[in-house]
Amino acid sequence: MKRSYSAFAEDIPPYSSPKAARETYADLKQLSAIPGHIYTRPGLQILPGQRRFSKVPWMVPMLELLPPSSIGHLKEWGLSTIFVLAKNYNKLVHVWESVTAMAELWHPQTNSFVFSEFEATILLEELEIMLGLSRYQRGEESATSYTVEQINSWSILAYITTKKNGLYSMTSGMHVHLVPIAQWIISQCKRKTTNYTAIAKAAAICISGVILFPESNGAISFGNLSIIDSISEGMKIGQAVLGFLYAGLTSAMLGGPFYGSVIALELWMGMHIQFRAVEDLTMECKTMLNHPLAYVGGRLHMSTRAWCKMAQVKGIQAWRKYLRSLTMADFDMRPRFMHGRVIHLPQRTGLALRLLGNGALVSYNPDRCYLQCGAARTVVPLLSHFPPIQERKRGDEQDELDMRSTVVHWEGCAMSVIQAEVEEDDDVTKEYVEALKKI
């Protein structure tokens, strides 16, 4: 959407080989050696920015008033799971001790979690399935949501109101406030207007702002507003959601505020680490009752009569001890909802993929996560020649060139089917684990 590439944007500079990574960026550092990384703060009890993820009192009253036709639009746009999660948002209990301990293992150079024996990350395909988002397929690059032009928030909000006073109340700085939009929705529903599409678009902004792009108290950026608005046009937003979460994890790890979809992170942890489906349990798992997994469906659905492996892990110190010694046997590398799935990988070593978003280009390195992708561990890969996070300047000529180059890499990326079983060479694995200890 909103793309009008200049003619020069087709002139993609040649890839300069993996040598650029060694020349341009520092070697991989240990987590404990990264300046400001919260891994080195054992006394930390609260993840920076977690207080932003409080209850949202206006959410349920707003959603309960939505007319069926507007709800139908949300489902048509692929927001069914987001709608259900939003409707039950105030029932969810975020276990911040586990989220904090997991986030402390995030490596800001690789955009992956570094465990004692392996690396893992939230894959694009996992995120799309977990959140029920429209899935990206190679050949659909034109449907990936991003813009290269400056964003006019007022033009996006024009279907809500064209009155300047109303627009001023909804925006400030470079952010849009969700509460005035929710109030507009409630007003429209109580008056029984038939503006169903506009109500659905406004509701999409509210629920996506809380579930997918939580950034500050009750507000989202203009860039994310534009991403959300594109959903009704059939655009794929998975890359923007994942890139935003990656950037939020990096921000928190370096002492800044955490932002991004904590629900996506908890779903990922639940499927890979915390829960296992068990057929003969007769009692409900109390931990599952307030977990996001209780409210998602499809291949991800898991009965509340699941086995919680982590039921006895209490407090942040216990979570740190468990996760920092987590073995590959304790991590479900290929949960059932990923069996047989096709995933996107860089075309070759060093030719990194980057997640497209309106705020930044974010390095995406699934090839580092061998076992998770259904491959045997060999060597710890070199860093990409791209920076982990590259802030964007929309409307800038270099930004247009960078975006087009990123799209070209996705057009030529490799495709791989996740295999159920992986055979590894013990000697090669030992070398890999020894190299991994250095980061």
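Heavy atoms only: backbone and side chains are in, while hydrogens, waters and symmetry mates are out. Note that this is a predicted model, so its numbers are computed, not measured.
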Worksheet entry | Test item: side-chain donor near acceptor, Arg354 and Gln390, under 3.5 Å | yes

Worksheet entry | Within-4.5 Å side-chain heavy-atom neighbours: Leu178 and Val210 | yes

Discussion item. Using a 3.5 Å distance criterion without hydrogens, assess whether the side chain of Tyr370 forms a donor-acceptor pair with backbone atoms of Val379.
Written reply: yes

Item to complete: For Met130 and Val296, work out which heavy atoms get closest and say how close.
Response: O-CG1, 3.9 Å

Worksheet entry | Contacts of Phe213 that satisfy ring pair (Phe, Tyr, Trp, His ring centres under 6.0 Å) - sequence neighbours left out | Phe244

Response to the item:
With sequence neighbours left out, the residues meeting side chain to side chain donor-acceptor pair (under 3.5 Å) with Glu431 are none

Practice prompt. Kindly give the heavy-atom pair with the smallest separation between Ala103 and Phe113, and that separation in Å.
Written response: CA-CE2, 4.4 Å

Discussion item. Quick one: does any side-chain atom of Gln347 pair with a main-chain N or O of Ala414 as donor and acceptor, under 3.5 Å?
Written reply: no

Discussion item. Quick check against the 3.5 Å criterion: does Glu104 have a side-chain atom that pairs as donor or acceptor with the backbone of Met253?
Written reply: no

Discussion item. Test your reading of the model: is there a side-chain donor-acceptor pair from His409 to the backbone of Arg404, 3.5 Å cut-off?
Written reply: no

Response to the item:
CE of Met174 to CG of Asn224, rounded to nearest 0.5 Å, is 11.5 Å

Practice prompt. May I ask you to decide if Leu293's main-chain N or O and His291's side chain share a donor-acceptor pair within less than 3.5 Å?
Written response: yes

Worksheet item: Any side-chain heavy atom of Leu28 within less than 4.5 Å of one from His107?
Response: yes

Worksheet item: Under 3.5 Å, is there a donor-acceptor pair linking the side chains of Asp427 and Thr429?
Response: no

Worksheet item: Is the shortest heavy-atom distance from the side chain of Leu345 to the side chain of Cys413 under 4.5 Å?
Response: no

Worksheet, complete the sentence: Residue pairs passing the side chain to side chain donor-acceptor pair (under 3.5 Å) test with at least one member in residues 249-264, sequence neighbours excluded, are Trp106-Thr250

Worksheet item: Is there a donor-acceptor contact under 3.5 Å from the side chain of Arg135 to the main chain of Glu125?
Response: no

Worksheet item: How long is the span from the OG1 atom in Thr406 to the CG atom in Leu353, to the nearest 0.5 Å?
Response: 9.0 Å

Item to complete: Report yes if some heavy atom in the side chain of Gln150 is under 4.5 Å from a heavy atom in the side chain of Asn152; otherwise report no.
Response: no

Practice prompt. Heavy atoms only: give me the nearest Val342-Val417 pair and the separation to one decimal.
Written response: CG2-CG2, 3.9 Å

Practice prompt. Give a yes or no answer on whether the side chain of Ser208 reaches the backbone of Ile205 with a donor-acceptor pair at less than 3.5 Å.
Written response: no

Worksheet item: Cut-off 3.5 Å, side chains only: do Tyr364 and Thr121 have a donor facing an acceptor?
Response: no

Practice prompt. Could you label the plane-to-plane angle of the His73 and Trp77 rings as parallel, tilted or perpendicular, counting under 30° as parallel and over 60° as perpendicular?
Written response: parallel

Worksheet entry | Ionic contact status for Glu140 with Lys236, cut-off 4.0 Å | yes

Discussion item. So, using ring pair (Phe, Tyr, Trp, His ring centres under 6.0 Å) as the criterion, who are the partners of Trp96 when residues are at least two apart?
Written reply: Phe53, His94

Worksheet item: Between Thr100 (side chain) and Glu97 (backbone), is there a donor-acceptor pair under 3.5 Å?
Response: no

Worksheet item: Is it true that the side chains of His177 and Ser172 contain a donor and an acceptor less than 3.5 Å apart?
Response: yes

Worksheet item: Using 4.0 Å as the upper bound for N to carboxylate O, is an ion pair formed by Lys393 and Asp399?
Response: no

Item to complete: Could you grab the distance from atom CD1 of Ile389 to atom CG of Asn111, nearest 0.5 Å is fine?
Response: 5.5 Å

Worksheet entry | Nearest heavy atoms of Ile151 and Ser226, plus distance in Å | CD1-CB, 3.6 Å

Discussion item. I want to check something: taking the side chain as every heavy atom from C-beta on, are Phe115 and Thr327 in contact at a cut-off of under 4.5 Å?
Written reply: no

Worksheet item: Excluding sequence neighbours, so at least two apart, what forms ring pair (Phe, Tyr, Trp, His ring centres under 6.0 Å) with His175?
Response: none

Discussion item. Using the side chain to side chain donor-acceptor pair (under 3.5 Å) definition, which of the options Glu119, Gln372, Arg368 pairs with Ser112?
Written reply: Glu119

Practice prompt. Could you check if a side-chain atom of Ser98 sits within less than 4.5 angstrom of a side-chain atom of Tyr322, using non-hydrogen atoms only?
Written response: no

Practice prompt. Please report the closest heavy-atom contact between Ala203 and Leu74, naming both atoms and the distance.
Written response: CB-CD1, 4.3 Å

Item to complete: Spell out, as yes or no, whether a donor-acceptor pair under 3.5 Å connects the side chain of Arg377 to the backbone of Glu117.
Response: yes

Fill in: Sole candidate of Leu323, Asp332, Asp330 that passes side-chain contact (heavy atoms from CB on, under 4.5 Å) when paired with Ile273
Leu323

Practice prompt. For Tyr136, check ring pair (Phe, Tyr, Trp, His ring centres under 6.0 Å) against everything at least two apart and list the hits.
Written response: His344, Trp410

Practice prompt. Validate the cation-pi geometry between Arg394 and Phe222: distance from NZ or CZ to the six-membered ring centre under 6.0 Å, angle to the ring axis within 45°.
Written response: no

Worksheet item: Tyr246 versus Leu242: any side-chain heavy-atom pair under 4.5 Å?
Response: yes

Discussion item. Any side-chain to backbone donor/acceptor pair from Ser384 onto Phe386? Under 3.5 Å, distance only.
Written reply: yes

Discussion item. Return the CD1 to CG distance between Ile263 and Leu212, rounded to the nearest 0.5 Å.
Written reply: 8.5 Å

Discussion item. Side chains of Ile71 and Leu63, heavy atoms from C-beta outward: is any pair under 4.5 Å?
Written reply: no

Discussion item. Parallel, tilted or perpendicular: which one describes the rings of His272 and Trp268, with boundaries at 30° and 60°?
Written reply: tilted

Worksheet entry | Shortest non-hydrogen separation from Cys373 to Pro366 and the atoms involved | SG-O, 3.3 Å

